[in-house]
Amino acid sequence: MGQRSGHKRLMVLGTGSGVGKSLVVAGLCRHARNRGLSVAPFKAQNMSNNAAIAKGGGEIGRAQFFQAQAAGLDPDVRMNPILLKPLGDGKSQVVFMGRPLGIYDIQGYRELKKGLAPKLVEIFHEYARQFDVVILEGAGSPAEINLLEEDLVNTRMARWAEADALLLGDIEQGGVFASLYGTWSLLPPEDRKVIRWMGVNKFRGDPTLLQSGFRALEELTGVPVIGVLDHLGDLPIPDEDSYRVRQKMPQESDTLRILAIEWPHLSNRSDFDPLLGEKGICVEFVPLGKVPSGKVDCVVLPGTRQTSGDLEMFRKSPLFPWFTRYVKDGGRLVGICGGYQMLGSDILDPEKIESSREWIRGLGLLPFSVRFKNDKIARRVAVRVRPSSFFESLSGYTGLRGYEIRHGRTIPHGQSEMFDLHDPETGAFLGAEGFFSTDGRVWGVPVHGLFEDDAFRSHFLEQCSSRESVSPAPYRENLEAALDRLAERVHAAFPLLNC
């Protein structure tokens with residue numbers, strides 16, 4: 001299926017989810033770019049509610065968005081042709097080439113994949129011709145032997161792409177030798193052939209302790225262990241796409257505490273990445289079953305794939321009485337996308353797009369209603385801050401950039417919005433969005449990514465802390481420096497471009 005295109009094709013497979021495939025791919029992409037090579041990431045299928053918007057609109061996994069940054073590219077939907085966004089109850093929204101195809105259960109998607117497989121191969125080879133190097137990423141484990149015949153993203157994709165693969169194991173999870181050997185041994189001979197190297201990730205300690213195990217593993221498989229990547233520690237880069245929520249542990253020097261509610265269907269947690277890199281700030285994700293203690297400076301309601309369902313669960317949870325008291329006592333509150341929609345007076349869903357409920361009462365903290373529509377808004381936006389006392393220091397600011405991913409439409413109840421949204425390419429006006437309460441303690445917006453802007457993040461932190469001035473860390477500059485350090489460490493452990 002297909003004909004080899006371009007030059008070098010490499011793939012990073014893993015013994016399971018969360019072993020570090022995404023970050024190793026990002027490191028390899030940045031190293032290739034720093035060597036002057038044209039390079040692109042590719043993941044045939046990703047399952048994540050952590051999405052971003054590629055050029056021209058269209059959703060891709062946030063990990064591929066980050067890998068594109070590492071490669072010095074504008075993200076493209078061809079980097080992640082299939083994105084599965086889990087909805088619960090065995091169903092997912094299937095996004096193909098950036099656009100929703102519909103909601104499918106497991107059996108429905110298995111049938112759909114039969115038609116998507118040849119399209120994936122065609123997309124890959126057409127895209128790959130543009131680059132010296134393409135770094136492919138697998139998903140989960142390639143040794144799900146009950147699914148091998150319908151696999152689109154692991155060893156079959158490696159064969160279609162004629163890519164040489166690194167099999168990566170996570171020593172932090174334990175049993176790394178068994179995981180590497182078991183994965184290899186369960187694969188049929190034609191799939192074993194694509195695995196040219198093995199590697200170990202997240203190691204802490206003396207690597208010489210591993211050498212006898214590596215020798216035994218190579219004797220059993222004939223596949224060399226090419227290297228060991230030390231644990232990345234607190235390197236300020238995003239975590240794996242969907243495996244676990246990234247936390248920042250509280251420090252004695254922290255002067256500001258921000259709580260983010262960890263919805264059952266949490267999405268776009270990457271909104272918090274810029275805050276996790278700030279000194280003196282503690283960001284905690286709080287599940288619905290936990291009741292916080294101590295002083296809290298701000299609560300953020302993040303995005304969710306199930307706005308109405310998560311809001312109903314929130315109302316029934318032990319966290320809700322605490323939240324109600326927090327708001328009544330004048331606590332600061334921010335809503336983003338789904339969390340923003342919860343802050344309105346009610347949510348209308350007559351077409352039952354997100355839930356079986358046609359109407360649900362909102363939290364009633366901001367002056368608008370939400371109506372869900374079948375066509376999804378998925379676009380990048382340029383944001384102009386409207387003049388107001390709430391955003392006085394940013395009034396008229398036009399440097400903000402972000403993106404929207406939503407079915408909900410805001411219906412204002414008379415109050416003026418905070419932001420004007422424009423198409424970043426054409427400058428066309430897209431509408432006005434975002435509201436704040438009369439006392440300025442509650443505000444929300446449907447736009448993701450605003451905290452990446454240093455000026456906006458500084459203003460937000462000043463509001464939370466009531467300090468006159470906050471000097472934020474330069475997020476994009478620090479991220480670029482972190483990517484260069486990541487590239488050095490990944491290449492030192494896994495010098496695949498030299499092989």
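The chain is numbered in sequence order, starting from 1.
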Enquirer: Could you check if a side-chain atom of E137 sits within less than 4.5 angstrom of a side-chain atom of P41, using non-hydrogen atoms only?
Expert: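 No - every pair of side-chain heavy atoms lies 4.5 Å or more apart.
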Enquirer: Tell me whether the rings of Y340 and F435 are parallel (<30°), tilted (30 to 60°) or perpendicular (>60°).
Expert: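 Ring orientation, 0 to 90° scale: parallel.
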Enquirer: Under 4.5 Å between any side-chain heavy atoms of M342 and T304, yes or no?
Expert: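 Contact flag for M342/T304 side chains = yes.
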Enquirer: Hey, does P75 have a side-chain heavy atom less than 4.5 Å from the side chain of R380?
Expert: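 Heavy-atom side-chain distance check passes, below 4.5 Å.
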Enquirer: Please check: side-chain N/O of K21 versus main-chain N/O of G16, any donor-acceptor pairing under 3.5 Å?
Expert: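 Yes.
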Enquirer: Do other residues, nucleotides or ligands put more than 12 heavy atoms under 6.0 Å from M313 CE?
Expert: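 Counting neighbours around CE of M313, 12 or fewer heavy atoms of other residues, nucleotides or ligands fall under 6.0 Å, so no.
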Enquirer: If only atom types and distance count, is the side chain of E433 paired as donor or acceptor with the main-chain N or O of L421 below 3.5 Å?
Expert: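 Flag not set: sc E433 to bb L421 has no pair under 3.5 Å.
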Enquirer: Any non-hydrogen side-chain atom of L311 less than 4.5 Å from a side-chain atom of L363?
Expert: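 Answer yes - side chains close enough.
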Enquirer: Only one of R406, E404, Q93 passes side-chain contact (heavy atoms from CB on, under 4.5 Å) with K376; say which it is.
Expert: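 So the option named by the test is Q93.
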Enquirer: So, the side chain of S458 versus the backbone of D454: is there a donor-acceptor pair under 3.5 Å, distance only?
Expert: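 Side chain of S458 to backbone of D454, a donor-acceptor pair under 3.5 Å: no, none is there.
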Enquirer: Quick check for you: to the nearest 0.5 Å, what is the distance between S141 atom OG and N154 atom CG?
Expert: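 So the OG of S141 and the CG of N154 are separated by 7.0 Å.
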Enquirer: Side chain of R457, backbone of F451: donor and acceptor closer than 3.5 Å?
Expert: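 Side chain of R457 to backbone of F451: a pair is present.
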Enquirer: Can you confirm whether T15 sits close enough to D170 that some side-chain heavy atom of one is under 4.5 Å from a side-chain heavy atom of the other?
Expert: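 Side chain of T15 against side chain of D170, heavy atoms only: no contact under 4.5 Å found.
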Enquirer: With rounding to the nearest 0.5 Å, note down the distance linking CD in Q415 to CZ in F436.
Expert: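 Rounded to the nearest 0.5 Å, the CD-CZ separation comes out at 6.0 Å.
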Enquirer: Pairs under 3.5 angstrom only: tabulate donor-acceptor contacts from the side chains of residues 85-92 to other protein residues two or more places apart or in another chain.
Expert:
unit_1, atom_1, unit_2, atom_2, d
K85, NZ, E59, OE1, 2.5

Enquirer: Within a strict 4.5 Å, meaning less than it, do heavy atoms of the F42 and M79 side chains meet?
Expert: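 Counting from C-beta outward, F42 and M79 never come under 4.5 Å.
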Enquirer: Angle between ring planes, H491 versus H31, binned at 30° and 60°: parallel, tilted or perpendicular?
Expert: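 Correct class here is parallel.
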